[in-house]
2 protein chains.
Amino acid sequence: MSKIKDTSVNFENKKNLEETCAEIYAVNLISGQWILSICYYLKQGKLRFTELKNKIPNITERMLTLQLKKMEEDKLVSRTAYAEVPLRVEYELTPIGKGLLPILAQLEQWGKLHKSMSEGSAT
Amino acid sequence: MSKIKDTSVNFENKKNLEETCAEIYAVNLISGQWILSICYYLKQGKLRFTELKNKIPNITERMLTLQLKKMEEDKLVSRTAYAEVPLRVEYELTPIGKGLLPILAQLEQWGKLHKSMSEGSAT
DNA sequence: ACTCATACTTACATTTTTGTTCGTTGAATA
DNA sequence: TATTCAACGAACAAAAATGTAAGTATGAGT
């Protein structure tokens, strides 16, 4: 996330796949470790940085910062900073970000089905 | 993919998130670099290892092997080996793997929309 | 005996992601 | 004056994913 070498084969491959295939492009937008958690809590509405931090178990400030920044660059969330002290910053899903929600709901259904099958056969 | 330390904080976090949230569980199943490409080509039906290799640009045999193995463990594809010489192995999407396809189609739509918006504003 | 093809495996190197710790800002509060 | 708060940023370390290059087993064909 921090450093991406735009000369690496890995980078080339990723770029090509994204260009060729919008599914891959889409999945790459949501494949950070904490991005879906953030989406989950922002479903309800705006939240401040610290509120998110407190709601998401085990996330560090650094990861929250990084993931929010990526989501902002990717237009999934909007950031509003208020010139107060202490600082207040609110995050909210953008319209296109909200457009993901129904798809995520379906993924959730599929995931549950898959999980129940795996548990059933893992005995 | 190769090595996963089951003592790391990273591993703990991932596991907790997957247990809590089926969306995250689901996305983790499809978040390998080449997994969606493989899905794409297996939509049509069975394919042999070499056929996949030739269809997917730039993939190496190692990555194809790894991703197929993961997909097999995750019950997304089934593997059938024929006792011939030279060896013949066929891969096919499982029923639950096929269940992903409509969701991926929606992701594709969303991705295209997102991409068109980004291109429009990036000028 | 020797090569050929398929479907891998292994060892190693590089790149990317995630985690840990500490520092910053600037007004309010003790 | 020192401390506290929110929302980060920077430096470094660890882990995970991906890439590169080489090798393996099996027989069948020449």
Side-chain angles (χ1 to χ4, degrees), chain A residues 1-17 24 27-35 37-38 46-72 77 79-91, chain B residues 1-17 24 27-38 46-54 56-72 77 79-91:
Chain A
M1 181 147 306
S2 326
K3 302 173 187 174
I4 304 174
K5 289 209 172 180
D6 54 358
T7 56
S8 72
V9 172
N10 194 343
F11 176 78
E12 278 293 322
N13 285 338
K14 218 170 218 169
K15 218 183 59 179
N16 288 338
L17 289 169
I24 295 177
V27 168
N28 285 346
L29 291 180
I30 59 171
S31 59
Q33 181 102 92
W34 304 95
I35 287 182
S37 294
I38 294 172
K46 300 180 185 182
L47 283 179
R48 301 182 57 174
F49 184 87
T50 308
E51 289 172 327
L52 276 170
K53 191 183 97 186
N54 292 334
K55 281 175 186 290
I56 303 176
N58 295 105
I59 196 168
T60 61
E61 294 187 351
R62 172 177 146 81
M63 284 318 291
L64 184 53
T65 302
L66 284 177
Q67 304 275 279
L68 283 171
K69 188 187 283 183
K70 180 176 190 269
M71 292 173 81
E72 200 195 344
V77 301
R79 196 188 100 113
T80 316
Y82 297 89
E84 300 174 1
V85 166
L87 201 51
R88 182 161 62 100
V89 179
E90 287 182 344
Y91 291 94
Chain B
M1 181 145 308
S2 326
K3 302 174 187 174
I4 305 174
K5 289 207 174 182
D6 54 358
T7 56
S8 72
V9 172
N10 193 344
F11 177 78
E12 278 294 322
N13 286 338
K14 220 169 216 167
K15 218 183 59 180
N16 289 337
L17 289 169
I24 296 176
V27 168
N28 284 347
L29 291 180
I30 59 172
S31 59
Q33 182 102 91
W34 304 95
I35 287 182
L36 290 190
S37 294
I38 294 171
K46 300 181 185 183
L47 284 178
R48 301 181 58 174
F49 184 87
T50 307
E51 288 172 327
L52 276 169
K53 191 183 98 185
N54 291 334
I56 303 176
N58 294 106
I59 197 169
T60 61
E61 293 187 351
R62 172 179 146 80
M63 285 318 291
L64 185 53
T65 302
L66 285 177
Q67 304 275 278
L68 283 171
K69 189 187 284 183
K70 180 177 190 268
M71 292 173 81
E72 200 195 344
V77 301
R79 196 189 99 112
T80 316
Y82 297 88
E84 299 173 1
V85 166
L87 199 51
R88 181 161 62 101
V89 178
E90 286 182 343
Y91 291 92

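The chains referred to below are lettered A, B, ... by the order of the sequence lines, with proteins before strands, and numbering in each begins at 1.
Rounding to whole angstrom units, NZ of residue B:Lys14 and C1' of C:dT16 are separated by 12 Å. In this structure, A:Glu12 places its CD atom 18 Å from C1' of D:dA17, rounding to the nearest Å. We find that CG of B:Leu66 is positioned 11 Å from P of C:dT10, with the value rounded to whole Å. Rounded to whole angstrom, the span from the CD1 atom of A:Ile24 across to the C1' atom of D:dT18 amounts to 15 Å. Look at CE on B:Met71: it is 16 Å from P on D:dA17, rounded to the nearest Å. Distance B:Leu29 CG to D:dA17 C1': 17 Å, rounded to the nearest Å. We find that CD1 of B:Ile59 is positioned 13 Å from C1' of D:dA17, with the value rounded to whole Å. The CG-C1' distance, from A:Leu64 to C:dG19, rounds to 14 Å in whole Å.
Taking for each of B:Val9 and A:Asn13 the nucleotide of DNA chain D with the nearest heavy atom, the 5'-most of the two is the partner of B:Val9.
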Between the protein and nucleotides 4-10 of chain D, which nitrogen or oxygen pairs come in under 3.5 angstrom?
residue	atom	partner	partner atom	Å
D:dA6	O3'	A:Arg48	NH2	3.0
D:dA6	O3'	A:Leu87	O	3.0
D:dA7	OP1	A:Arg48	NE	3.1
D:dA7	OP1	A:Arg48	NH2	3.2
D:dA7	OP1	A:Val89	N	3.1
D:dA7	OP2	A:Thr50	N	2.7
D:dA7	OP2	A:Thr50	OG1	2.2
D:dC8	OP1	A:Arg79	NH1	2.2
D:dC8	OP2	A:Tyr91	OH	2.5
D:dC8	N4	A:Glu61	OE1	2.5

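A:Leu66 places none of its side-chain heavy atoms less than 4.5 Å from the side chain of A:Trp34. Proximity of A:Gln33 to B:Asn10: side-chain heavy atoms (C-beta onward) are separated by under 4.5 Å at one or more points. A heavy-atom distance below 4.5 Å is not found between the side chains of A:Asn28 and A:Leu17. With contacts defined as side-chain heavy-atom distances shorter than 4.5 Å, the pair A:Asn13/B:Ile59 does not qualify. Residues B:Phe49 and B:Leu87 have side chains not in contact (no heavy-atom distance under 4.5 Å, counting atoms from C-beta outward).
Residue A:Ser8 places at least one side-chain N or O closer than 4.0 Å to OP1 or OP2 of C:dT16. Look at A:Gln67 and you won't find any side-chain N or O under 4.0 angstrom from OP1 or OP2 of C:dT17.
Side-chain atoms of B:Tyr91 and B:Glu72 include no donor-acceptor pair closer than 3.5 Å.
A donor-acceptor pair under 3.5 Å is absent between the side-chain atoms of B:Glu90 and the main chain of B:Lys46, judged by distance alone.
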